[in-house]
Amino acid sequence: MTQLKLFLEHMRKENKERNRIVGILEKRNYLLFEPSYFEDYDTYLKCQGRTEKNSTIKVFKKNGEVALLRPDITMNIMDTFSEMIKSDPVRLCYDAMVFDYNHFHQERRQIGAELLNHSSFEADLEILTMARSIVDHEETIFVIGHTGYMEFLMKTLNLNPQEREELYQLVYHKQKTMVLTLLRTKDVDDVIYSKFQMILSPKAYPIADYFKDLEDASLNLIASQLNQIKEIFKDQIVVDLSLISEFEYYEGIIYTAYKKGVNEPVLKGGRYDRLSTIYGKSFPAVGFSLEVDRWIGGTLNENSFS
Amino acid sequence: MKIALAKGRLGEDALLKFQEIGLLKSVDLNSRKLIFTTKDYELLLLKPSDVIVYVRNGKADLGVVGSDVVMEGNYGVYELLDLKFGICRFSIAAPKDTDVMGKSCLRVATKYPNVTRQYLNEQNIEIIPLQGSVELAPKAGLSDCIVDLVETGKTLQANDLEIIKDLCDVSARLICNPSSYRFLQSELSDLVEALSHD
């Protein structure tokens, strides 16, 4: 096949898949939103979390202020809607490019959905069910975690902010020995130490084992939510309580999906109630985004692993 | 499952470890072959620094590397197990009988700038990145001290250097890429268990 034919074939495949996914979202009353290309630099700095520093593409506005080409759509949605949100929930979806220097291509397409101003667990399940159905494929693995579990383990350790961030980074990158070495310098309780060993092991333990011998009211809710999700999705999901979002504003149920042969997640999502506070508001939110290029299988000249 | 091992001692020790639990028995490292295929495994023999590249890029599911490679910032791979061989440590060393740590700005020659920055973060330092023969730098006046991997300390001694401080332990680690971690979870879990009990 010629290069042109291959390219056109790829375009057709991508358009068809975009239509399929956006069709699913619109059918469930998620209104298609067209985000702004620009994002406020200072606001982004407040929420960048564990993302690569200096990876954003900066542009100068007429008045000399720095703005960003949107590295993410969620913040863009919050910026647009936070002032208008009152009592009703808002369901939005998007199909748009994001820009940064982190990846092989500086422009990537994301499709996602956000359910704003809805705090119930049913909202988590609504978004989770849509996300799961979009990547429902035999070569996809859907991984569920809960930020509250790591928060609890961290709380027991009495770490200073620098140690806390270091430990989060090591767990995020699943560097088991370095995590356990750091814990050993902290005179950590045996039960907590064993939980870190469990979450950093490839072995899949029953959900109850992760909570055994831990006593905290917050953990009951976490265990109950995870059990309900496992009951609904059964073998369609795996639980990984070491799952950490690169953005610190996520709290509660979080998830990622992997496609066979693609080394980075094709989908990420979860609850991010804290993000609205950066915009001076306080309302709950939950959503997910799909990396379209990774999901479709990489663009023509790019190996999926680039 | 594809396994990437380094040519040389680390790879030889890793192969022994796999063979002790009954895997890769037919592999003969003296054969000069670079790929070995058995019923369930494919073994790739690579230059040590390339092992992590193959694993990170999904061209090998598993690999064995020294933890120094990951500590230097080569994330993007998950650690499955400390294999407890290839043991050495990161140390600061300086010419004998010198008080370098009292200097207001310490010039440190090293192949590991990130590890050095991490462990000497409270000290004002200038890092001099080198590719090899780091022990020569203080003698040549290029640096006040070095940060390097130390196993027996004989190379330091031969170059009139002494250890000022040990920073952390280093050993061989079994690593995998995030995709293999998810899609081969059950196989990896069994493998880690077998290697841990050995």
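Lettering follows sequence order; numbering is per chain, from 1.
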Part of [X] within contact of chain B (heavy atom distance under 4.5 Å):
X	result
A:Leu200	backbone
A:Gln162	side chain
A:Ser201	backbone
A:Ser242	neither

Side-chain donor or acceptor of A:Thr140 paired with backbone N/O of A:Asp136 under 3.5 Å: no
- prompt: So, does A:Asp209 use its side chain to make a donor-acceptor pair with the main chain of A:Tyr205 at under 3.5 Å?
  reply: no
Pair B:Ser91-B:Asp166, side-chain donor/acceptor within less than 3.5 Å: yes
task: Would you mind telling me which of A:Ala204, A:Pro202, A:Pro265 has the largest number of heavy-atom pairs within less than 4.5 Å of chain B?
output: A:Pro202
- request: Mind listing the closest non-hydrogen atom pair of A:Thr156 and A:Leu153 along with its distance?
  value: OG1-O, 2.6 Å
- prompt: With a 4.0 Å cut-off, would you call A:Glu163 and A:Lys186 a salt bridge?
  reply: yes
query: Does any heavy atom of chain A fall under 4.5 Å from the side chain of B:Tyr181, the backbone, both, or neither of them?
result: side chain
message: What part of B:Asn121 gets within 4.5 angstrom of chain A, counting heavy atoms only: side chain, backbone, both, or neither?
response: side chain
- request: Give a yes or no on whether A:Asn160 atom CG has more than 12 heavy-atom contacts from other residues, nucleotides or ligands under 6.0 Å away.
  value: yes
